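One structure below.
Everything numeric in this text was worked out from a predicted model, so none of it was measured. Just the heavy atoms: all of them, side chains too, but no hydrogens, waters or symmetry mates, feed the values below. A, B, ... follow the sequence lines: proteins, then strands. Residue 1 opens every chain.
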Amino acid sequence: MLIETKNLTKRFGGLAAVNNVDFSMEKGRINAIIGPNGAGKSTFFNLISGFHRPTSGTVLFKGIDITKLPANEIAGLGISRTFQTTSLFDQSTVLDNVIVGHRLRTKSNLVDAILRTKRLKREEAACRDKAMEVLEIVGLTESADRIVSSISQEEKKRTAIALALATEPEIIFLDEPAAGINPDETEGLTELIKKLNRSGLTICLIEHKMHMIMNLADHIMVLNYGEKIAEGTPKEIRRNEAVIKAYLGGSASA
Amino acid sequence: MKKLKVLFVFLLLTITVLTGCNKGDSPVSSSGSKGKGENVVNIGFSGPLSGAAALYGKRTLNGVEMAVNEINDAGGFEVDGKKYTLNLVSLDDKYLPNETGSNAKRLIQEYDTPIIFTPHSGGVLALQVFNEQEEFIIGAYTSEPAVTESGNSLTVRIPPNYEGYIEPFTTYAMEHFGKKIAALPTSSQYGKDWTEAVLPHWEKQGGKVVYNSSIDFAKETDFFTIVTNALKKDPDVLFIGGASEPTAKVAKQARELGFKGGFIIMDQAKLDQMKPIAGSYETLEGSIGVLPLMDSDEEAVPAFVEKYQKNYKEDPSSEVGLNYIAMYAFVEAMKSAGSVDDAKAIRKHMQDGLSNIGPDQKIYDIPTIDENGGFASTIVVGAVENGKVVPIR
Amino acid sequence: MEILIQQLFNGLTIGSVYSLVALGLTLVYGILHIPNFAHGALYMLGGYITLSMMTLYGVNYWIAMFVSIIVVGLLGVLLERFVFRLLREAPPLHDKIAAIGILLFLEAFAQFVWGADFHTMTSPYGQVVNILGLTFTLQRLLIIVSAIAVMVLLYLFLKKTYTGSTIIAMSQSREGASLVGININKVAMLTFMISGGLAAIASSLASPINLVFPGMGHLVILKAFVIIILGGMGSIPGAIVGGYILGFSESLGATYISNDYKDIIAFILLVIILTVKPTGLFAKGER
Amino acid sequence: MKILTKRNGIIALIIFAFSFPFIAQNDYYLHMLTLSFIWAIAVYGINLLSGYTGYLSLAHAGFFAIGAYSLGLLTVKAGMNFWLALVCACLITCALGFLIGLIALRTKEHFFAIYTLCVGYIIYLVIDKWEGLTEGVRGLIGIPAPGNIGPITFDTAASQYYLVLIFLLAVILIVYRIIRSLTGRTYMAIRNSEDLAQTIGISTMKNKLTAFVLSTFFAGLAGALYASFIRFIGPDIGSTAIMFDLLMYLLVGGIGTLSGPLVGTLLLVILSQNLQFLQEYRMLIFGPLLTVIIIFYPRGIAGAFFDWQRKRKDNTLSGVRGELHIKAEEG
């Protein structure tokens, strides 16, 4: 198991946003988390990536307890993520946005910067190469020098994924990668995710576009009111009574 | 968006044009002929003309300005056979010493001023760093002792040393009210120095200090609290002072809280400026402080007061008067020295300058200048008795 | 004992003024997340306008205060409409700086119009009253009573009227408020209007016991910031309680600790609080 | 090759700066320029933190004062050698900056601004009240000019100008190298989104703290230079008025740009010297200017210039890689 959560619980005030969730993700698979609005999907992501500290329960990465680690150290272990809103730096180029993604694999510090040491130059080159490499993976080589404010929403999503890839993760969490883009582009994005998965990357995503999930995911978990109500292959999920009820009774956003 | 861009460019242009127009012209100039003509002596002034101390700065400037205008209206003055007029160049230093320094550099470079007036100790100290090297006299309107103690050879301290007030103040207050004093001065350095001078003297005369705490007029929002605490000790006399207006407020609130004794008012606060805040002199009954220029019995005063009121639509205060008379003293010293630009010579003849002040200008009696460059004025104090200020000698 | 009571009374007076100022600040923060550094300048303008109405037009104190509330309130609306609304989507740095720009302008403006000197406002309530060894002027009593009255009115407005409840709703969630059809722009302008009005009331009440001058806002605004951090930024009860706490701590601190250092006490208190709890004492939400 | 390249422009500017004392035989201009350079050093410090890392500090006038007073006290009261005192003054500022940053950086956004405003005010109050150490309101007199280095003396206006100029160039070089390096990218990532920065493995606290300490270093250095240049200091140099001045220089010039601090400081210092006739009404222009700039030109003059240049180039030679790259990094 690459990632395992045990009895993971997060309460805000009296409300449990995530309640007692056990979930595990196998290496090399595409996992998906679905559920109606407010089901606690993003909170679940936040707990694994170290943004929130769980009220109780543990998160294991390759069997190591990472529950109490800060977000940046979790990223260092090889867990990466994207956000619903891309929050890229608009005034800068795509390439510049992505270069910093490899920062965590470098060691140069302030002194290196001021003295422009060999190490800094070497690492800068490495970061640039890495950035070009991941931009090629996501298919943005051509747009590397464009200013982020001038690219499309879909390209921004790809840039965000490239940024996450630049950290050299073993698993990547994608928070609604297809939100706000048109069906054609969604198709392209699905292909990209498949491609990443084929290259050996484990993937976990939250998505509302059911069609996309169903033909992408190997393994799906369904959350409702913070609790896991079902888990299994797309086929199993489609037939699951509890899931159907949750979606019919909940919001129609699916 | 486009329109705003145009607007912005316009704004910038306006500033540039303003700046351009101003080039080569004096930044701020009072009357008299401008420019650097042969027979014009530029007089520099750097003081707070904006910010909290602006009013104070303006008043000191007014004094110098009035003297300059009078001298020019009378056709200037003659030195070594040549006629000169004065041109006053004033710059704002926002009460900041570094700005005073910059202003002085500018005044020397662009206007070649032999004298620069500055009305605050920080500015004076900043100028003393280079005034001997650059050879200009500092017309220092501050009674901060450090200014003259440093032995700077080109500093002239205009106001009297406050130590002269201590004896008459103490005697008067003790005689009229009693031996217990509470001190509530301003928390400025000046206020602290004053306190350190007056309280030991009070005790030496057999008095007792029952309360001593300073008030920061720049930060305090209400004086009731501290005045309550002071009055709890049942003092006969309150020692107060600082800027006139807040000082008056302290006095007024002390009365509101039932204080019946007298006030010793340090020289920074002026009785006449306190009056409108306090409501009337009745509130200040039993105060002793600097004699307001208005109430002085020097012969030249009534004419001076009238002229100042006409020109500036307010009553002249002592900072106006002292700077006014100092300007005259400088001009007389130039005459005696036979030079309008040799700062050392002018400084050397300051004593003659003081002695030669005409009877019409003699609104203060300043017989001598001491070796450190301080004017040694005859001190006259004023007390409020029966709702009127009376001179006490 | 007597001195304690007198000092508590003094603390109550000054605390009332602080609370009113802090209330305006916290309302704006709660709704728009703007720390309005220009609020102190609004306070100052309120004092000047009341004073001018009284001296220039010989208007009655209360009417002058009313005019002042309207004028400063409208000024607040203008600021919202022409400055802060344009910056709503900008990074948080920007509205702080814009507020500083406004502050500098308003102070220069006041000096331009009214000069740099101190002015006094004479209220019709200068009488000294002595009760049970307690000394105060009617004006001081008036400050306390009016401040409490204003707070009660504000509370009723926010809780009992529809318009008021939109303010509360928006302070809880801007998105939520816009979802249920609240006109965000209107509420924002209204909030600025109330905020300006509160500043004008505070300064009009406090001016007769103090002086009116261009820098008078400085004294109050820093303390108001301390208060709203004490009370939790955006919290209305927090601002009121915080104001009185600071008022009492100043008057008692000056009596029993040291008058010279009582200002520092407030700021050190603040630093300690933020050190322990970076989001303030009674912070709401997770921001 | 074109002659009007950016590189040649900068070289020309530096040559001009070095020959200025020979061109303008005027002590007053030299004095103003030296003073502007000192302010600019402090503004570069604020820019590093507020412009590149995204934390608006309102305490830097305080750190400026700490630098100035450290130098003043060490030379006047402890009789220390000037250069040693200069180093110590910077170290003291950094040490205090470190301690304050450790606490202050736990807060974010508005809290950070207000917190630092209060910290700045406390620094000012301490200087003002601690008479035993700082001489209180009276100020510190008799601070020496920079001591000789071998045959080089610093007693003329020109020599002090050169000294400060060299410090300024060093500071600009350092800032330039930082913002072009991975460290600079890290700071900008934090400014852009602290959450995002953390998820890509950046230790935000550590980086914010180094940026903070470095920015206090620049403020302290500027303060120390100021003390030795004016040779008299009072508590006023730590006041909020100075802070707002510095902030204004930064914003008008362009926050988050390399040339902004220098452009803004020079322009505003020259403007306010020339607008002396306006005196107390300067703020009637500068206040609204500040607000208008932040609304319509959030990255000041320098930012507006680069945007304009970028637009022009985008229209003519879209897609030329190297060129565009430089501009982007200016941001």
Side-chain angles (χ1 to χ4, degrees), chain B residues 1 4-5 7-8 11-12 14-16 18-20 22-23 25-29 48-51 54 58 90-92 94-110 121-130 133-134 144 146 150 187-193 216 219, chain D residues 25-32 34-35 38-39 121 125 128-129 131 135-143 145 155 157 226 229-237 239 241-242 245 267 269-283 285-286 288-289 292-293 295-297 301 304:
Chain B
M1 204 58 196
L4 283 157
K5 250 177 207 175
L7 189 99
F8 179 65
L11 194 70
L12 268 186
T14 320
I15 294 171
T16 327
L18 283 172
T19 322
N22 195 44
K23 278 251 163 71
D25 202 353
S26 58
V28 138
S29 197
L49 299 173
S50 64
K58 277 253 164 65
S90 64
L91 295 172
D92 178 20
K94 301 184 249 175
Y95 222 48
L96 296 172
N98 70 303
E99 299 271 341
T100 318
S102 308
N103 287 344
K105 295 266 182 192
R106 181 174 188 176
L107 291 168
I108 299 157
Q109 282 291 329
E110 299 191 342
S121 58
V124 175
L125 293 169
L127 296 192
Q128 285 183 339
V129 171
F130 59 91
Q133 195 183 336
E134 306 258 3
E144 169 66 52
S150 61
S187 68
S188 71
Q189 190 59 45
Y190 188 60
K192 284 172 188 162
D193 290 344
D216 192 339
K219 298 182 191 83
Chain D
Q25 299 281 349
N26 184 323
D27 267 6
Y28 160 62
Y29 292 151
L30 270 189
H31 182 92
M32 283 326 299
T34 313
L35 204 57
I38 292 174
W39 294 129
Y121 197 64
L125 282 181
D128 196 60
K129 304 267 187 210
E131 280 170 48
E135 301 294 324
V137 196
R138 178 175 285 145
L140 208 55
I141 322 166
I143 299 162
D155 45 11
Y226 174 92
F229 181 62
I230 300 293
R231 299 177 62 185
F232 163 83
I233 44 175
D236 285 336
I237 57 169
S239 65
I242 301 281
D245 275 352
L267 184 77
V269 169
I270 293 169
L271 259 185
S272 41
Q273 283 295 313
N274 278 300
L275 293 179
Q276 268 269 4
F277 67 97
L278 283 176
Q279 291 177 348
E280 64 260 47
Y281 313 122
R282 270 168 304 185
M283 283 303 167
I285 293 179
F286 287 158
L289 187 70
V292 167
I293 281 187
I295 294 175
F296 299 108
Y297 297 90
I301 294 172

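The two residues B:Val129 and D:Ile230 come nearest to each other via the heavy atoms CG2-O, 3.7 Å. Across every non-hydrogen atom of D:Phe232 and B:Pro97, the tightest pair is CE2-CG, 3.3 Å. Here the closest non-hydrogen pair linking D:His31 and B:Gly101 is NE2-C, 3.9 Å. Heavy-atom minimum distance, B:Asn98 versus D:Trp39: ND2-CZ2, 3.6 Å.
Residues B:Asp216 and D:Lys129 meet the side-chain proximity criterion, which asks for heavy atoms closer than 4.5 Å. In this structure, the side chains of B:Gln128 and D:Ile141 stay at 4.5 Å or more apart for every pair of heavy atoms. Residues B:Glu99 and D:Asp236 have side chains not in contact (no heavy-atom distance under 4.5 Å, counting atoms from C-beta outward).
Distance check, rounded to the nearest 0.5 Å: CE of D:Met32 to NZ of B:Lys105 gives 11.5 Å. Taking CD1 of D:Ile242 as the start and NZ of B:Lys94 as the end, the distance is 7.5 Å to the nearest 0.5 Å.
For D:Ile237, no part sits under 4.5 Å from any heavy atom of chain B, backbone or side chain. With a 4.5 Å cut-off on non-hydrogen atoms, B:Ser102 touches chain D through its backbone and its side chain both. Heavy atoms of D:Tyr226 lying under 4.5 Å from chain B belong exclusively to its side chain. Contacts of D:Leu125 with chain B are made by side-chain atoms alone, with heavy-atom separations under 4.5 Å and no backbone atom involved.
For the set D:Ile143, D:Ile233, D:Asp27, the count of heavy-atom pairs under 4.5 angstrom toward chain B peaks at D:Asp27.
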